[in-house]
Amino acid sequence: MKAVCWHGAGDLRVDSVSDPQVINPRDAVLKVSATAICGSDLHLYSGFVPGMREGDVLGHEFMGEVVDTGPEVKNLQVGDRVVVPFTIGCGQCHFCERDLWSLCDNSNPNAGVAEKMWGQSPSGLFGYSHTLGGYAGGQAEYVRVPYADVGPLRVPDALDDEQVLFLTDIFPTGYQAAEACALEPGDTVAVWGCGPVGQFAMASARMFGADRIIAIDDVPERLDMAVREHEAEPLRPSETGNTLRMVEALRDMTGGRGPDACIDAVGMEAHGFGLEGWYDTIKQSARMETERPIALRQALMACRKGGTVSIPGVYGGFADKLPLGAMMNKALTLKTGQTHVHRYLRPLLERIEHGDLDPGFVITHRMRLEDAPEAYNLFRDKREGCIKVMLRPESARRDEDDLIAAH
Amino acid sequence: MEAGTQLEPVRVPRRHPEAYYNISAAERKVSLAVGAASLAYGLRHGGAVGWTAGVTGGFLTQRGLTGHCYANQLLGRNSARAGDRGRSRQGPQRFTTQLTIARRPDELYRFWRDFTRLPTFMRFITEVRPAGGNRTHWVAEGPWAERTGRLEWDAEVTEDVPDERIAWRSVEGSDVQQRGEIRFRATARGTEVQLDLAYAPPAGRLSAVLGRFMNTLSKEAARADLRRFKQLMETGEIATNATTRAMAQGGA
């Protein structure tokens with residue numbers, strides 16, 4: 001089959017690799033109908049996530065049709081159309097049983113490596129480094145899905161792929177980030193990063209009753225989307241300046257209080273200004289820190305006293321010059337973690353069915369899986385107004401044409 | 001598929017027996033780069049500092065070019081092989097590791113008590129079969145056994161407290177001297193399981209195979225075995241990132 005394979009920083013290729021098979025009794029194999037490139041895939045593409053190996057298949061946002069199941073998978077049948085959570089959870093450990101699926105004890109076969117890096121291992125993820133399991137991802141024609149008896153969710157035929165694909169990651173991720181803010185009536189939420197996760201965080205903040213939303217980004221079409229879709233108030237870092245100026249600007253927009261909740265939907269590759277920007281760029285390039293935590297610094301500094309800083313943005317290792325003094329002395333609450341996708345699948349599917357939200361609004365590019373290397377470049381460089389790329393394998397397209405022809 | 005247990009083979013024409021190359025490909029590159037830089041610095045500057053840099057650089061360059069390290073040779077260490085930490089590790093070794101498993105002690109005890117099931121989750125144990133009475137016969141195969149084949153020994157149960165603990169030990173005169181103990185303790189968070197493993201080299205000089213075997217032992221390896229036991233007990237299967245059955249069986 002064809003699959004998007006990592007060959008080093010900045011080097012992706014569509015290779016022919018072996019078709020995946022059912023190995024364990026609780027496995028399923030899917031024929032992928034649609035997949036997407038996540039902002040966090042760009043961290044892999046840039047080479048900032050440790051534990052990648054040549055030939056690794058990328059992709060953790062995918063859906064498709066069940067083509068094979070192991071003997072223990074009683075809830076799915078060949079032909080079912082499903083979406084798959086990007087976090088892999090066994091459903092039977094201490095954490096899964098408490099709905100903390102991204103902390104699954106059993107799904108990371110390389111847990112020893114993660115224990116060395118972080119003390120304990122979180123769940124495995126699809127296509128996201130050997131530290132997080134080394135599982136082949138779904139930017140491919142087929143994918144093996146472990147614990148298919150508890151992960152994949154059947155989706156109604158009335159909803160098309162574009163409406164349900166983002167249940168796999170970015171919609172629940174934005175939703176969990178907003179939920180973590182524990183918003184109260186009258187609250188103002190500031191969101192760093194207006195990429196897809198930022199967009200869903202803003203949409204979800206509205207669902208939780210945010211009074212005002214401040215959208216922080218420098219990419220015009222992303223800010224426009226935030227204003228258009230979520231009635232956010234735009235703030236451009238390039239016009240505001242460094243962290244101290246950003247804090248001032250946010251104070252000035254909120255009656256001198258600062259935002260009640262701050263969401264960092266940027267993560268490890270934020271862009272800074274002036275000396276601060278150079279400092280992190282140089283240290284990250286020399287691998288003296290793994291993150292450029294500019295958005296997080298600003299969030300900690302800007303957040304109102306007793307407020308919440310929620311971090312859906314991905315970090316991997318160590319960051320410098322984090323204002324812990326601000327965190328401690330202002331009694332901030334920090335909420336973060338990979339998304340417990342399983343927990344949100346059904347409730348968010350219901351919201352989509354009710355028409356509360358059509359997640360397809362973030363898609364700007366629809367391309368062939370075979371064009372993934374070009375798609376990654378468009379997305380990374382934010383060219384052609386690229387906010388979200390959906391990929392379809394050529395074989396899936398042919399199936400669709402056949403279906404249309406048959407009718 | 002433990003990450004980091006396999007290094008890419010060094011792809012250079014071999015002019016020496018394999019054992020001659022005792023540093024890894026990455027080390028060779030670093031040696032070459034640092035060596036060449038120090039050598040260049042030394043040649044340009046001179047004086048005590050320059051001379052020191054030059055001579056050190058020369059040694060490092062040679063180490064990088066040949067792939068052979070005299071320091072490693074003296075220490076009996078081979079860093080071209082993952083997990084090889086040298087002769088110092090070939091004395092008695094003991095590892096203790098713990099995990100909490102969401103199953104009752106009696107379920108865990110029952111599974112472990114049937115030693116023939118240990119190979120399903122112990123990476124290098126390929127077979128355990130009953131050998132009469134409270135004895136079992138163990139077969140181990142791993143990276144140490146390339147040419148000389150397998151390691152085998154008999155073990156006997158020395159302590160057996162149902163639902164609490166099982167201890168075993170290789171019988172006297174075995175090549176591999178192993179003592180093991182597994183303990184189960186019920187808590188509010190699940191059953192805390194502790195695995196103790198102790199190995200001692202046989203008296204006298206170690207054979208190459210036993211030496212390599214001793215070098216693959218580590219707390220991490222014991223913990224990985226215990227983790228696979230937990231996976232099996234909690235989920236009914238052992239997590240794998242393989243995509244094909246052939247890959248899964250290769251255990252790569």
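Sequence lines set the chain letters: A, B, ... in the order given, protein chains first and strands last, and positions in each chain run from 1.
Once rounded to the nearest 0.5 Å, the distance linking CD of A:Gln21 with CE of B:Met247 reads 10.5 Å. Distance check: B:Gln231 CD to A:Cys104 SG gives 8.5 Å after rounding to the nearest 0.5 Å.
No more than 12 heavy-atom neighbours from other residues, nucleotides or ligands sit within 6.0 angstrom of CD on A:Gln77. Other residues, nucleotides and ligands contribute only 12 or fewer heavy atoms inside 6.0 Å of the CZ atom of B:Arg179. The number of heavy atoms from other shown groups lying within 6.0 Å of CZ (A:Arg346) does not exceed 12. Other residues, nucleotides and ligands contribute only 12 or fewer heavy atoms inside 6.0 Å of the NZ atom of A:Lys2. For A:Glu54, the CD atom counts as densely surrounded, since its 6.0 Å shell holds more than 12 non-hydrogen atoms of other residues, nucleotides or ligands.
Ranked by heavy-atom pairs under 4.5 Å with chain B, the first of A:Asp19, A:Val17, A:Val22 is A:Val22.
Within the structure, salt bridge (charged side-chain N to carboxylate O under 4.0 Å, His left out) contacts touching residues 111-124 of chain A (residues at least two apart or in different chains) are A:Glu115-B:Arg223, A:Glu115-B:Arg227, A:Lys116-B:Glu220.
Side chains of A:Asn110 and B:Asn241 form a contact here, defined as non-hydrogen atoms less than 4.5 Å apart.
The side chain to side chain contact (heavy atoms under 4.5 Å, CB included) test with A:Asn106 singles out one residue from B:Glu237, B:Lys230, B:Arg228, B:Met233, and that residue is B:Lys230. The side chain to side chain contact (heavy atoms under 4.5 Å, CB included) with A:Asn24 is formed by just one residue from the set B:Thr235, B:Thr240, B:Ile238; it is B:Thr240.
Residues from residues 142-154 of chain A that place a non-hydrogen atom less than 4.5 Å from a non-hydrogen atom of chain B comprise A:Arg144, A:Tyr147, given in numerical order.
Of all heavy-atom pairs spanning B:Ala239 and A:Pro109, the tightest one is O-CB, 3.9 Å.
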